[in-house]
Amino acid sequence: MEISDLKNKKVLVLGLSVTGFAAAKFLCRAGAKCFLSDSKQLSKEDEDKVKSLEECGVQFQFGGHTKEFMMGADFCILSPSIPPDTAVLKELDRLNIPYFSDIELAYKIKPEGVKIIAVTGTNGKTTTTMLITHLLAQKFRAYQAGNVGVSPLDYLCPFSGSLGMNLESKVNALCTEVPEFLVIEASSYQLHYTKDFAPDMAVFCNLTPDHINWHGDIENYFYDKAKMFKNMGEEAHSILNFDDTRVKNLSSKAKRHYFMLNSFGGADDAYIKDGQIYYGNEAIISVDEVPIVGAHNLQNVMCGAIAAKAAGLDNDEIGDGIMSFRAPRHRCEFIIKKDGVSYYNDSKATNPEASNVAITAFEGKTVSLIAGGRDKNTPLDEFCRLVKERISKVVLIGEAAERFRNALSDAGYKDIEFAESLEDAILKAESGTFGKKPDVVLFSPACASFDMFKNYEARGDAFRDYVLSRA
């Protein structure tokens with residue numbers, strides 16, 4: 001399929017979201033007839049966006065998905081959060097309307113010469129996506145997209161021949177030239193709704209249980225994340241976590257590269273030796289020069305180095321790019337050091353496995369941990385073990401506080417306090433134990449945010465704002 005094939009096609013878009021808006025704008029640029037439907041009523045905050053798209057010919061339906069609105073569509077683009085057992089998908093099946101995610105469409109219609117790098121995994125996806133983009137942007141037109149809040153469709157079809165100049169600015173792409181690389185953070189939801197998606201490079205950071213309610217079990221969760229590797233050809237590159245047995249052994253025809261913390265790799269792998277990150281037998285950068293903290297970020301850096309080598313960057317370019325990179329917000333993000341205490345915002349840690357990674361990042365430091373929120377009811381055994389080993393004090397907030405307290409107490413950990421608010425938690429965490437302040441206050445909730453905040457970003461912003469307001 002080419003972009004020109006979309007002209008005058010009826011394309012249905014389900015869901016008024018980041019994906020929905022991006023798909024509608026792209027379809028306008030491509031000259032398609034776009035019909036966008038959402039089960040919710042139109043909110044006031046979306047009115048201006050909807051009006052601008054209506055002026056470009058997009059038709060809308062709110063409060064449901066009627067058969068009459070959907071009939072005759074050539075295909076449908078889904079917002080990725082729509083569960084697979086939803087009634088509207090069954091109706092699409094009855095109407096014989098194919099449906100898939102925006103990353104599948106981007107793959108199908110991308111111009112020749114555009115290479116796709118896809119990054120998946122339970123944790124570390126965003127940092128790895130941003131780092132790879134940062135490295136490649138030194139030499140190529142490289143853009144990050146996908147689950148980072150920007151659809152890959154935003155970078156395709158830069159110009160439209162079907163709209164008047166007075167409307168063009170409303171649906172412009174985010175670039176004026178065709179990209180050379182699209183680095184896509186691919187969530188399990190997005191990958192579930194793909195069939196042929198086969199990137200030129202694919203990274204699998206790790207796998208731990210998450211989104212099990214949506215997928216049904218971890219086998220389905222893994223299957224959706226692994227689908228793209230099975231589609232890749234022999235000229236493609238798969239970048240896999242050697243320390244994760246399931247990931248290491250997944251099936252793929254692509255050339256295999258491993259990254260590893262605890263072993264020495266081969267000619268196409270990244271590993272750590274004598275305090276240096278190596279690719280094959282070439283030292284890339286000293287571990288001490290890596291600007292983002294924790295063993296998990298060393299894994300992310302190794303992923304980035306492999307991808308950059310496969311794209312053609314030399315060792316100096318990779319090393320310089322790593323040193324100039326900064327951690328994305330809400331991911332073990334350093335905020336400030338005040339009165340000897342360093343504050344880190346890890347609000348993106350919405351499950352215990354993500355928090356476990358952050359907890360291990362501060363070797364030799366006394367750490368007060370703030371955790372809690374909306375409970376995902378995932379196992380806490382490893383979380384409790386690491387807290388006992390590495391955390392001097394835990395302050396718990398939110399709906400999950402009681403279960404977390406009980407699990408920690410059962411594991412023999414006693415330095416626990418409750419807090420009524422995030423602000424109260426910060427004050428209690430920084431006071432430390434026995435009157436001695438900690439080296440680090442780590443906000444790594446291990447839970448979803450929705451009991452107290454709109455999302456993890458709002459939660460992290462609240463942490464940062466309160467810490468800085470007292471600086």
Partner residues of [X] under the salt bridge (Lys or Arg N to Asp or Glu O under 4.0 Å) criterion, sequence neighbours left out:
X	result
Lys40	Asp38
Glu234	none
Lys393	Glu417
Glu423	none

Under 3.5 Å, sequence neighbours excluded: what are the donor-acceptor pairs made by side chains of residues 311-320?
{"from": "Asp314", "atom 1": "OD1", "to": "Asp316", "atom 2": "N", "distance (Å)": "3.1"}
{"from": "Asp314", "atom 1": "OD1", "to": "Glu317", "atom 2": "N", "distance (Å)": "2.8"}
{"from": "Asn315", "atom 1": "OD1", "to": "Lys309", "atom 2": "NZ", "distance (Å)": "2.9"}
{"from": "Asn315", "atom 1": "ND2", "to": "Glu282", "atom 2": "OE1", "distance (Å)": "3.1"}
{"from": "Glu317", "atom 1": "OE1", "to": "Asp314", "atom 2": "N", "distance (Å)": "2.9"}

Exercise. Among all residues two or more places apart in sequence or in another chain, which pass the ring pair (Phe, Tyr, Trp, His ring centres under 6.0 Å) test with His296?
Worked result: none
For this session: Go through the structure and list residues passing side-chain hydrogen bond (donor to acceptor under 3.5 Å, both in side chains) with Thr122, not counting sequence neighbours.
Result: Tyr221
Problem set entry | Pairs involving residues 438-450, ordered by first then second residue, that meet side chain to side chain donor-acceptor pair (under 3.5 Å) (sequence neighbours left out) | Asp346-Ser444, Ser355-Ser444, Thr366-Asp439
Pairs involving [range], ordered by first then second residue, that meet salt bridge (Lys or Arg N to Asp or Glu O under 4.0 Å) (sequence neighbours left out):
range	answer
residues 321-336	Arg329-Asp461, Glu333-Arg464
residues 361-380	Asp210-Lys376, Glu363-Arg390, Arg374-Glu399, Asp375-Arg403
residues 236-247	Glu219-Arg246

Just list the side-chain donor-acceptor pairs under 3.5 Å for residues 261-273, sequence neighbours left out, or say none.
{"from": "Asp269", "atom 1": "OD1", "to": "Tyr258", "atom 2": "N", "distance (Å)": "2.9"}
{"from": "Asp269", "atom 1": "OD2", "to": "Gly266", "atom 2": "N", "distance (Å)": "2.8"}
{"from": "Tyr271", "atom 1": "OH", "to": "Gly280", "atom 2": "O", "distance (Å)": "2.5"}

